[in-house]
Amino acid sequence: MSDFPSTRFERGKIYAKSGLKAGKNIAGHYLKSLTGRNGSNSELFTKTAEDLLGDFTKLRGTALKIAQSFSIDQGFLPEEFTEVMSRAQYSVPPINRSLVRSIIRRELGRYPEQIFAKFGEEAIAAASIGQVHRAQLHDGREVAVKIQYPGVRDTISSDLALARTLLRQIVSGKTDLDKYLNEIRETLLRETDYIQEGNSIRRFHQRFQSDGVVTPQWIEEYSTQKVLTMTYLKGVHLDEFLKSDPDQSDKDHYGQLFWDFFHNQIRDRDEVHADTHPGNFLFTEEGRLGVIDFGCVKRFPAEFFNDYLQLLPTHLSQDDDAIQKLYLKLDVLKCEPSSDKTEQKIFEFCKNYGFTFAMPYLEERFNFGDPEYKELLAVYTKNAPFTNEPRGNENFLYTTRVHLGLYHFLMKLGATVDTSRSKSILENVIHHAVPT
Amino acid sequence: MNTAESLKIRIAERAASRYTENVRFSLNSLAKELEMDPPELFRLFPNRSSILDYYYESRFEIYKNEISAIESYENYSLSEKLNTLILSLLDQFMEQREFVLMTYKQRVLTPMSTTRFKALYRQEMEIIFRSDSNRCSASTLLLNSFFFHALFQTFNGILWFWSHDRSEQYENSMALVDKWSVFTQEVFYTRAAEKGVDLGKFILMNSPLRNYFGFGCNPVKE
């Protein structure tokens with residue numbers, strides 16, 4: 001049984017009396033101690049990233065998806081590489097209209113104009129694996145039809161081999177990439193099976209459809225492994241929402257919905273929407289949060305998930321021994337920090353970054369719009385001492401993506417959220433964790 | 001597509017299926033299966049072979065019918081039009097795959113004279129290429145009978161790939177068609193061809209061999 005005390009969040013306050021200020025001081029002090037890194041590498045990294053990945057990222061298929069899975073937060077790639085990949089994420093050219101028609105005919109038996117009352121020829125979104133078209137069913141329902149590019153599933157193996165070769169040029173030599181690549185392979189196989197995604201849509205709809213959250217409904221009769229039809233959600237994405245110059249109360253409202261959605265997933269100890277990209281969330285006119293794209297949903301191993309969640313209160317309590325123990329267990333530290341200079345460096349980084357990461361849980365209300373907090377996280381990211389060296393359990397690939405995605409979304413939105421309920425959720429989940 | 005054409009297509013497709021079951025099927029048995037009087041069938045087709053040939057010819061009727069249903073077809077790019085034609089043929093062939101694998105070589109490729117299918121294919125390709133307003137002007141030089149013959153050979157290559165394609169729903173063939181048509185479009189839309197023609201013309205006109213090619217004026221005597 002976990003001994004997570006409900007008071008740990010309170011204890012954290014002893015160390016961080018004024019939250020952000022303390023965090024910033026810690027960061028400042030810690031960052032001064034970092035040596036051997038300066039900005040001169042940045043230009044070189046950007047150039048190399050563009051050279052290596054520039055054309056590569058314009059390709060359809062899973063190669064880009066694989067590369068994107070190796071985010072900077074795993075310590076695999078310098079930030080400049082991540083930026084190049086991020087720019088490319090939604091710039092994949094759509095496939096041509098005749099191919100779309102042919103795919104639909106092969107998958108659903110007839111051409112789109114014969115199946116749907118209306119079918120938008122132009123894709124409303126195009127990404128590495130497939131693209132989405134708007135359509136209308138004969139019963140009047142507005143739907144989104146997701147079409148997988150031909151041959152994508154077959155390219156997973158060759159793209160993984162390509163990614164392996166590419167990553168070998170970037171990451172340090174001794175790194176065991178296979179465990180991460182295997183994890184990505186499993187995820188991609190699920191992501192390219194639209195029947196699995198349809199089932200995820202159904203499960204998430206059952207779990208989360210509410211006054212605050214809206215998710216699509218799966219239209220099974222017009223779906224196959226490569227064509228996915230679901231009800232269309234009306235709403236605007238984050239950038240468009242911000243352009244409308246919303247009130248702070250509106251920002252806080254949506255921010256709270258997003259924060260709660262994230263923690264409700266933890267509460268259920270069930271599948272988690274693991275692609276926390278702004279493009280996958282909508283702000284609806286009725287004030288609800290729309291959640292779309294269920295291709296990448298993850299169910300984390302209980303032991304890992306519990307250890308991951310334990311990091312939050314452990315960091316806040318600043319118990320060095322407990323933090324060290326957790327990072328050793330999670331494979332972030334390879335040995336006792338006291339016995340190895342590099343490990344000590346990494347431990348110091350994790351300890352400080354982790355504390356900063358846990359700071360929103362220190363207070364009853366946390367302002368993600370505070371530019372100082374954003375700057376603080378950015379400074380840590382840029383100064384990670386293990387760039388080019390992957391560390392940690394393979395599941396970190398997705399937990400970090402989800403968690404950091406949440407923070408980046410809320411920071412961009414500039415929302416203040418009430419964290420009290422989320423703290424009880426975390427306490428409850430950790431408290432009821434099955435001992436391992 | 002009128003009723004008579006629809007009926008002929010239905011007969012041809014049924015005959016294609018019958019052929020895969022029994023290569024020596026009789027027209028009487030086919031007529032019976034289609035619930036037609038044999039004389040009615042003979043009025044439309046003189047013999048069994050003409051029905052099977054019509055199967056290939058009629059694919060273009062279906063293709064034309066399909067593109068007439070696409071509202072924005074006129075705005076399609078070159079690659080989209082190429083895709084539409086080839087994918088339409090492949091989609092149709094997929095429904096009678098066994099028949100096509102058994103007879104395409106014999107009925108479309110082997111005959112000494114140009115088959116109707118080949119002629120129609122070249123005709124459709126000519127329409128697609130010549131009507132495309134985004135082509136670079138120099139590419140007109142390429143649009144000759146050799147080029148359209150090469151395009152037909154390319155189609156045969158794609159069909160060969162399709163016949164060996166083991167991917168689900170033959171989607172690798174689909175991807176091949178897409179990649180080929182996008183590449184072809186790039187070749188025809190690029191200005192590099194224009195510059196190449198300009199360069200070639202310059203070299204030819206200023207080459208010592210210009211007289212040999214019949215481009216030269218009388219040499220100036222010193």
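Values in this document were obtained by computation on a predicted structure and should not be read as measured data. Throughout, protein chains are lettered first and strands after them, A, B, ... in sequence-line order, and every chain is numbered starting at 1.
Listed for the Ser98(A) side chain is a donor-acceptor partner under 3.5 Å among the backbone atoms of Glu80(B).
For Gln225(A), the part sitting under 4.5 Å from any heavy atom of chain B is the side chain, from C-beta outward, and nothing else. For Leu82(B), no part lies near chain A; criterion is any non-hydrogen pair under 4.5 Å. Neither the backbone nor the side chain of Ser173(B) comes within contact range of chain A; no heavy atoms are under 4.5 Å apart. Of the atoms belonging to Glu71(B), not a single heavy atom falls under 4.5 Å from chain A.
Asn96(A) CG to Lys81(B) NZ: the interatomic distance, rounded to the nearest 0.5 Å, is 12.5 Å. Atoms CD1 and OH, from Ile70(B) and Tyr111(A) in turn, are 7.5 Å apart once rounded to the nearest 0.5 Å. To the nearest 0.5 angstrom, Ser181(B) atom OG is 8.0 Å from Leu99(A) atom CG. We find the CD-OH distance between Glu121(A) and Tyr73(B) to be 12.0 Å, quoted to the nearest 0.5 Å.
Residue Phe183(B) places its CZ atom among 12 or fewer non-hydrogen atoms of other residues, nucleotides or ligands, all under 6.0 Å distant. More than 12 heavy-atom neighbours from other residues, nucleotides or ligands sit within 6.0 angstrom of CD on Glu221(A). Shown here is Arg191(B), whose CZ atom has more than 12 heavy atoms of other residues, nucleotides or ligands within 6.0 Å.
With respect to the salt-bridge test (charged N to carboxylate O, under 4.0 angstrom), the residues Glu95(B) and Arg105(A) qualify. Ion pairing of Lys226(A) with Glu171(B) is present here, as a side-chain N (NZ or NE/NH1/NH2) and a carboxylate O approach within less than 4.0 Å.
The nearest pair of heavy atoms linking Arg106(A) to Tyr170(B) is NH1-O, 3.4 Å.
Here the side chains of Ser102(A) and Asp91(B) are in contact, with some heavy-atom distance below 4.5 Å. Considering only heavy atoms from C-beta on, Arg97(A) stays 4.5 Å or farther from Asn83(B) through its side chain.
The candidate from Ile67(B), Thr84(B), Leu90(B) with the greatest count of non-hydrogen atom pairs under 4.5 Å with chain A is Thr84(B). Interface summary for chain A: among Ser72(B), Ser88(B), Ala69(B), the most heavy-atom pairs under 4.5 angstrom belong to Ser72(B).
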